[in-house]
Undergrad: 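I have a structure here, written as C-alpha cells, and I will follow up with some questions on it.
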There are 2 protein chains.
Amino acid sequence: MEKELTPTSAADGVEQALKVLEGKWKLLIMFHLFGGKLLRFSELERAIPAITQKMLTQQLRQMEADGVVRRILHHQLPPKVEYGLTEWGQALCPVLDALLKWADLRDDLR
Amino acid sequence: MEKELTPTSAADGVEQALKVLEGKWKLLIMFHLFGGKLLRFSELERAIPAITQKMLTQQLRQMEADGVVRRILHHQLPPKVEYGLTEWGQALCPVLDALLKWADLRDDLR
DNA sequence: CGGTATCCGCTGTGATACTG
DNA sequence: CAGTATCACAGCGGATACCG
C-alpha cells in the first residue's frame with residue numbers, strides 16, 4: 001500500500017526517526033557498538049570517559065525502549081550486563097554514512 | 001586523503017550534520033521547499049499555520065547561516081522576500097528518504 | 001558491578017507586543 | 001509584508017550521593 005506523502009507527513013516520519021538518535025550520547029554509543037560488538041556497562045564507561053553513569057543508563061534505557069539496543073543480562077556473580085545493537089540498530093549504519101557524506105558535500109559545493 | 005574513522009570522529013561528523021536539521025520546524029520548512037519551490041514568508045506562514053513569526057524567522061535565519069536555505073530579496077513595494085533551498089539543501093532529499101525507509105524497517109523487523 | 005535518586009542551571013520554544 | 005524584542009516556562013543534561 002502506498003502512503004500519501006505531504007510535507008507534513010514526511011517531516012513527521014523523519015522526526016520519528018531522528019527522535020531515536022537524539023540525545024547527547026546515543027550516536028557515540030552506537031558507533032561503539034557497530035559491527036556486532038558487545039560491551040559491558042563498565043566498558044562503555046571507559047570507552048566514553050566524559051559520560052556520567054546517569055546519562056549512560058538513561059541513554060541505554062531509551063535506546064533499548066526504541067529498539068536500537070539490546071541488553072543481555074548474564075546471571076552470575078559479580079553481575080554482568082552486555083549491550084549490543086539490534087538488527088534494526090545495525091541497519092542504521094548506511095544511513096549515518098549518507099549523513100556523513102552529505103556533511104562532506106558542503107565543502108565541495110562552495 | 002583518507003580520514004581516520006574512530007567512533008568519536010564518526011559520531012562527531014554525524015552530529016555536525018544533525019545540528020543542521022535540529023529545530024522544531026526545520027524539516028517541515030525543508031519539505032515545503034523541496035523540488036526547487038520558492039515561497040514567500042507569508043506563504044510559509046500559511047503552509048505551517050502552527051508556527052509563530054518568531055520561530056519562522058529564527059529557523060530560516062539559522063538554515064540560511066547553515067547553507068541549506070537561500071533568501072531572495074526583491075526590492076519592490078510592498079517588499080517581497082522568497083525562500084528556497086540551496087544546492088546543498090536539495091542534496092539532503094535522498095538522505096531523508098533513507099531515514100524514512102529506516103523508520104519503516106522497524107515494523108518489518110519485529 | 002551496575003545501577004537510582006535528587007537537585008539545579010541552561011537552552012530551546014511559546015506568547016505577546018511592537019516596527020520599518 | 002516581513003520582520004524584532006521581551007518575558008516566561010519546560011525538559012535535557014550535569015553533579016553528586018546513595019543502593020542491591
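These values consider heavy atoms only, across backbone and side chains, with no hydrogens, waters or symmetry-generated copies. Convention: sequence-line order gives letters A, B, ...; per-chain numbering from 1.
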Undergrad: Give the residues of residues 20-48 of chain B touching DNA chain D, defined as any heavy atom closer than 4.0 Å, sorted by residue number.
TA: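 Per residue number, the list reads B:R40, B:F41, B:S42.
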Undergrad: Taking atom NZ of B:K37 as the centre, report whether more than 12 heavy atoms of other residues, nucleotides or ligands fall under 6.0 Å from it.
TA: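 Check passes, neighbour count above 12.
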Undergrad: Looking at CD of B:Q59 and CD of B:E64, how far apart are the two atoms once the value is rounded to the nearest 0.5 Å?
TA: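 The CD atom of B:E64 is 13.5 Å from CD of B:Q59, to the nearest 0.5 Å.
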Undergrad: Show me, pair by pair, the donor-acceptor contacts under 3.5 angstrom made by side chains of residues 82-94 of chain A, not counting sequence neighbours?
TA:
unit_1 : atom_1 : unit_2 : atom_2 : d
A:E82  : OE1    : A:H74  : NE2    : 2.9
A:Y83  : OH     : A:R61  : NH1    : 3.4
A:Y83  : OH     : A:R71  : NH1    : 3.3
A:T86  : OG1    : A:G67  : O      : 2.6
A:T86  : OG1    : A:V68  : O      : 3.3
A:T86  : OG1    : A:W88  : N      : 3.4
A:T86  : OG1    : A:G89  : N      : 3.0
A:W88  : NE1    : B:W102 : O      : 2.8

Undergrad: Roughly how many Å is it from OH in A:Y83 to P in C:dG2, rounded to a whole number?
TA: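 Taking atom P of C:dG2 as the reference, OH of A:Y83 is at 8 Å.
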Undergrad: Nearest-Å distance, CE (A:M55) to P (C:dT4)?
TA: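 After rounding, the reported distance stands at 13 Å.
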Undergrad: Can you find a pair of side-chain heavy atoms, one from B:R40 and one from B:K80, that are under 4.5 Å apart?
TA: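 Yes, at least one pair of side-chain atoms sits under 4.5 Å.
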Undergrad: First contact, last contact: which nucleotides of DNA chain D are these for chain B, 5' to 3', heavy-atom distance under 4.0 Å?
TA: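 In short, chain B contacts DNA chain D from D:dC1 to D:dT6.
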Undergrad: Do B:L73 and B:L39 belong to the same hydrophobic cluster, where Ile, Leu, Val, Met, Phe, Trp and Tyr are linked whenever their side-chain heavy atoms lie under 4.5 Å apart, directly or via other members?
TA: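 They do share one cluster, since a chain of ILVMFWY contacts under 4.5 Å joins B:L73 to B:L39.
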Undergrad: Classify every nucleotide of nucleotides 15-20 of chain C by which part a protein heavy atom approaches to under 4.0 Å, writing B for the base, S for the sugar-phosphate alone and - for neither, in 5'-to-3' order.
TA: B-----
Undergrad: CD/A:E43 to CD1/A:I48 distance, rounded to the nearest 0.5 angstrom?
TA: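 Spacing of CD (A:E43) from CD1 (A:I48) equals 12.0 Å.
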Undergrad: May I have the distance from A:Q58 (atom CD) to C:dC7 (atom P), rounded to whole angstrom?
TA: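 Going from A:Q58 (CD) to C:dC7 (P), I get 17 Å.
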Undergrad: To the nearest Å, how far apart are A:I72 CD1 and C:dC1 C1'?
TA: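 In whole Å, C:dC1 C1' and A:I72 CD1 are 17 Å from each other.
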Undergrad: Counting the atoms with a prime plus P, OP1 and OP2 as sugar-phosphate, which does A:Q59 contact under 4.0 Å by heavy atoms, base, sugar-phosphate, or nothing?
TA: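 The residue A:Q59 makes sugar-phosphate contact but no base contact.
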Undergrad: Under a 4.5 Å side-chain heavy-atom rule over Ile, Leu, Val, Met, Phe, Trp and Tyr, are A:I72 and A:M30 clustered together?
TA: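 Each belongs to a different hydrophobic cluster.
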Undergrad: So if I take the C1' atoms of five pairs at each end of the helix from C:dC1-D:dG20 to C:dG20-D:dC1 and get each local axis, what angle do the two axes make, rounded to 10 degrees?
TA: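 Inter-axis angle at the termini of the helix from C:dC1-D:dG20 to C:dG20-D:dC1: 50°.
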Undergrad: Determine all donor-acceptor pairs shorter than 3.5 Å in which one atom belongs to a side chain in residues 5-29 of chain B; sequence neighbours excluded.
TA:
unit_1 : atom_1 : unit_2 : atom_2 : d
B:T6   : OG1    : B:T8   : N      : 3.4
B:T6   : OG1    : B:S9   : N      : 3.0
B:T6   : OG1    : B:S9   : OG     : 3.4
B:S9   : OG     : B:E4   : O      : 3.4
B:S9   : OG     : B:T6   : N      : 3.0
B:S9   : OG     : B:T6   : O      : 3.2
B:K26  : NZ     : B:E22  : O      : 3.0
B:K26  : NZ     : B:Q62  : OE1    : 2.8

Undergrad: Does the side chain of A:R71 get closer than 4.0 angstrom to OP1 or OP2 of C:dG2 through an N or O atom?
TA: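 No.
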Undergrad: Any side-chain heavy-atom pair from A:Q58 and A:T52 closer than 4.5 angstrom?
TA: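 Not touching, per the 4.5 Å side-chain cut-off.
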Undergrad: In the single-linkage hydrophobic clustering (I, L, V, M, F, W, Y; side-chain heavy atoms under 4.5 Å), do A:L38 and A:M63 co-cluster?
TA: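 A:L38 does not cluster with A:M63.
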Undergrad: How long is the span from the CZ atom in B:F34 to the CG atom in B:L96, to the nearest 0.5 Å?
TA: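 One gets 5.0 Å once the value is rounded to the nearest 0.5 Å.
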Undergrad: In Å, rounded to the nearest 0.5 Å, how long is the span from CG of A:L44 to CG of A:L33?
TA: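 Here the interatomic distance stands at 5.5 Å.
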